[in-house]
Novice: 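Can you keep this structure in mind? I'll have questions shortly.
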Amino acid sequence: MKKFVIEREIPNVGELGQEQLRATAAKSNQALRQLGPGIQWQESFITADKTFCIYLAKDEAIIRRHAELSGIPATRITEVGKTIDTTTGE
């Protein structure tokens, strides 16, 4: 599967409480179960008005379908070409 970064513009998302975040994650998980093994949510980073989510997926289309099913917008989907980390410089 390919790795993607999904940018989601969600006004005031950084102000959501733990219960609201749990409910949102539950909606995402339900959509993931419906879509099957072609998509996997790894983690998300929350800022004031956006989330940046890391997914493994077979293609962009399944990510868009996940957004439709979960009701969570996918403003921009970017396929990751390469990664670097601290071990790259060794």
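Heavy-atom basis, side chains included; hydrogens, waters and symmetry copies ignored.
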Novice: Any heavy-atom pair between the side chains of Ile77 and Val5 that's under 4.5 Å?
Specialist: no

Novice: Check whether any side-chain N or O of Gln30 sits under 3.5 Å from a backbone N or O of Lys27 as a donor-acceptor pair, and report yes or no.
Specialist: no

Novice: Has Thr75 got a side-chain atom pairing as donor or acceptor with Glu9's backbone, closer than 3.5 angstrom?
Specialist: yes

Novice: Give every residue pair that meets the ring pair (Phe, Tyr, Trp, His ring centres under 6.0 Å) criterion with at least one member in residues 1-35, sequence neighbours excluded.
Specialist: none

Novice: Side-chain contact, heavy-atom cut-off 4.5 Å: Ile62 with Asp59?
Specialist: yes

Novice: Does a side-chain heavy-atom distance below 4.5 Å link Leu35 with His66?
Specialist: yes

Novice: Scan for salt bridge (charged side-chain N to carboxylate O under 4.0 Å, His left out) pairs involving residues 70-79, sequence neighbours excluded, and state none if there are none.
Specialist: Glu7-Arg76

Novice: Would you compute the distance between atom CD of Gln40 and atom NZ of Lys3 and round it to the nearest 0.5 angstrom?
Specialist: 10.0 Å

Novice: Pair Trp41, Ser28 - check side chain to side chain contact (heavy atoms under 4.5 Å, CB included), show working.
Specialist: CA-CA 9 Å; Trp41 175 26; Ser28 176; 3.7 Å; yes

Novice: With side chain to side chain contact (heavy atoms under 4.5 Å, CB included) as the criterion, how do Ile39 and Tyr55 come out once you've worked through the C-alpha distance, each side chain's angles and the decisive distance to 0.1 Å?
Specialist: CA-CA 7 Å; Ile39 184 170; Tyr55 276 71; 3.7 Å; yes

Novice: Is Lys50 close to Val13 at the side-chain level, that is, under 4.5 Å between some pair of heavy atoms?
Specialist: no

Novice: With a 4.5 Å limit on heavy-atom distance, are the side chains of Pro73 and Ile10 in contact?
Specialist: yes

Novice: Hey, mind stepping through Ile72 and Arg8 against side chain to side chain contact (heavy atoms under 4.5 Å, CB included) and telling me if it holds?
Specialist: CA-CA 8 Å; Ile72 305 168; Arg8 303 178 189 277; 3.5 Å; yes

Novice: Just by modelled atom types, is the Leu32 backbone N or O under 3.5 Å from a matching donor or acceptor in the Asn29 side chain?
Specialist: no

Novice: Would you please test Phe52 and Ile46 for side chain to side chain contact (heavy atoms under 4.5 Å, CB included) and show each step?
Specialist: CA-CA 7 Å; Phe52 296 88; Ile46 300 172; over 6 Å; no

Novice: Just verifying a value: how many Å separate Ile54 CD1 and Glu43 CD, rounded to the nearest 0.5 Å?
Specialist: 6.0 Å

Novice: Is any side-chain heavy atom of Ile6 less than 4.5 Å from a side-chain heavy atom of Ile63?
Specialist: yes

Novice: So, Glu68 and Arg64, do they make that salt bridge, N to O below 4.0 Å?
Specialist: no

Novice: Rounded to the nearest 0.5 Å, how far apart are CG of Asp85 and OG1 of Thr88?
Specialist: 4.5 Å

